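Nothing here was measured: the structure is a model prediction, and the numbers come from that model. Whatever order the structure lists ligands and atoms in, that order sets their numbers, starting from 1.
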Amino acid sequence: MHKVTIDGAMSRIAENMAKVKYKIVVMSNKGGVGKSSTAVAFAALLSSRGARVGLLDIDIHGPSLAKMTGKEGVLPVSDGKAMDPVRVKDNLVMISVGSLTSRDDMPVIWRGPMKMNILKQFLADVRWGELDYLVIDAPPGTGDEPLSICQLLPGVAGGVVVTTGQEVALLDSMKAVNFLKRLGIRVLGILENMTDFPCPHCGGSVDLFKSGGGQAAAGKLGVRFLGRVPFDPRLLEAGDGGRLFVDTDPDAPAAKALAAAVDAAVDALQAGPGAAA
Ligand SMILES: Nc1ncnc2c1ncn2[C@@H]1O[C@H](COP(=O)(O)OP(=O)(O)O)[C@@H](O)[C@H]1O
Ligand SMILES: [Mg+2]
């Protein structure tokens, strides 16, 4: 595991991040399971409850938060020294690699040191201000960026692991949970996403991803289960259209499940270290 050297950026990070009460990282072992959607929903729900929230997208190769929050192409204002995060709504600001490039079809081809630099800038040189929560959307897996951010960031308060319910979910969640544990980050719980896929022909729902895997994983790993979020086409469309699903469809079962997951995660945060299921 390579160590981050102490330099000017590190002290700026420490100073900037001391103003953030809880840093939460949203992880998964695979892409496409709903990590970014969860990060956006958690941030939107917490900010609607009156908390001051920052949303940080560190998925350098697949940034999606600028699009999902409707801020694609909105460049952060910079004075050459620091930049203001993009305002999404009251109490909610966001920064993504997608906020720094005006075109979203350009792949980011950066080597390790450049990636490390951009992560440092996000933590040190963005005027996040006083925040209750910084919700960090990690790239899939347990590789460089999640590792770098967890090493750069002082005191990550907890990690939320997102999974689908397949049999491999157990293995996937185990990797993410063990990654967090190895770094000494409290696991707030496992969220099982995209359950109850709607079945247009039968009028009911199908168990496309074999629901239950997330819950079984949480049980085996001794961490909280944050609940099941059903598949809802409105969530997908809202994400694509840059609308906050939990705000536009608060009564949808998926939005209610996300709200309950936030309650459980906040509960886990406040329960203190060592508290499990
Ligand atoms: N519960 C859900 N219902 C419907 N669509 C969903 C749900 N969760 C995520 N999606 C959609 O699935 C796709 C992948 O989700 P995303 O949050 O980008 O995953 P990840 O960040 O893990 O790659 C997106 O198009 C998103 O809108
Ligand atoms: Mg994502």
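Counting only heavy atoms of the protein, atom 4 (C) of ligand 1 lies nearest to Asp232 O, 3.1 Å. Scanning the protein for heavy atoms near atom 18 (O) of ligand 1, the closest one is Met68 CE, 3.5 Å. Considering only non-hydrogen protein atoms, atom 27 (O) of ligand 1 sits nearest to Leu236 CA, 3.4 Å. Taking atom 19 (O) of ligand 1 as the reference point, the nearest protein heavy-atom neighbour is Gly34 N, 3.0 Å. With respect to atom 12 (O) of ligand 1, the closest heavy atom belonging to the protein is Met194 CE, 3.7 Å. The protein heavy atom nearest to atom 7 (C) of ligand 1 is Leu235 CD2, 3.6 Å. Of all protein heavy atoms, the one lying nearest to atom 26 (C) of ligand 1 is Ser37 OG, 3.6 Å.
Residues Gly159 and Ile185 come closest through the heavy atom pair N-CG2, 3.9 Å. Nearest approach of Ala268 to Leu188, heavy atoms of both residues: CB-O, 3.7 Å. Between Val26 and Val162, the shortest heavy-atom distance links the atoms CG1-CG2, 3.7 Å.
Here Ser36 reaches the Mg ion (ligand 2): one of its N/O/S atoms is less than 2.8 Å from the metal.
At under 3.5 Å, a nitrogen or oxygen of Gly32, whether backbone or side chain, sits near a nitrogen or oxygen of ligand 1. Taking distance alone, with nitrogen or oxygen atoms compared against 3.5 Å, Pro230 approaches ligand 1 more closely than that limit. Checked by distance only, ligand 1 and Lys35 come closer than 3.5 Å through their nitrogen or oxygen atoms. Taking only nitrogen or oxygen atoms, main chain and side chain alike, Thr38 does not reach within less than 3.5 Å of ligand 1.
Between Leu221 and Met174, some side-chain heavy-atom pair lies under the 4.5 Å cut-off.
More than 12 non-hydrogen atoms from other residues, nucleotides or ligands lie less than 6.0 angstrom from NZ of Lys181.
The distance from ligand 1 to the heavy atoms of Ser36 drops below 4.0 Å at these ligand atoms: 17 (O), 20 (P), 21 (O).
Comparing Val33, Asn193, Leu258 by heavy-atom distance to atom 1 (N) of ligand 1, the nearest is Asn193.
Between Gly31 and ligand 1 there is a heavy-atom distance shorter than 4.0 Å. The shell of residues lying under 4.0 angstrom from ligand 1, judged by heavy atoms, excludes Arg234. Ligand 1 does not have Gly239 within reach: every non-hydrogen atom of the residue lies 4.0 Å or more from it.
With respect to the salt-bridge test (charged N to carboxylate O, under 4.0 angstrom), the residues Lys67 and Asp57 do not qualify.
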### Task
Test Lys89 against Ser48 for side-chain hydrogen bond (donor to acceptor under 3.5 Å, both in side chains), laying out the working first.
CA-CA 9 Å; Lys89 64 169 187 168; Ser48 296; 2.7 Å; yes
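Put simply, the side chain of Trp128 never gets that close to the backbone of Val93: no donor and acceptor are under 3.5 Å apart. Formation of a donor-acceptor pair under 3.5 Å by the Arg224 side chain with backbone atoms of Ala265 is not found in this model. One N or O on the side chain of Glu192 and one on the backbone of Gln215 form a donor-acceptor pair closer than 3.5 Å.
Tested against Ile190 for a side-chain contact (heavy atoms from CB on, under 4.5 Å), the candidates Val161, Val160, Asp172 yield a single pass: Val161.
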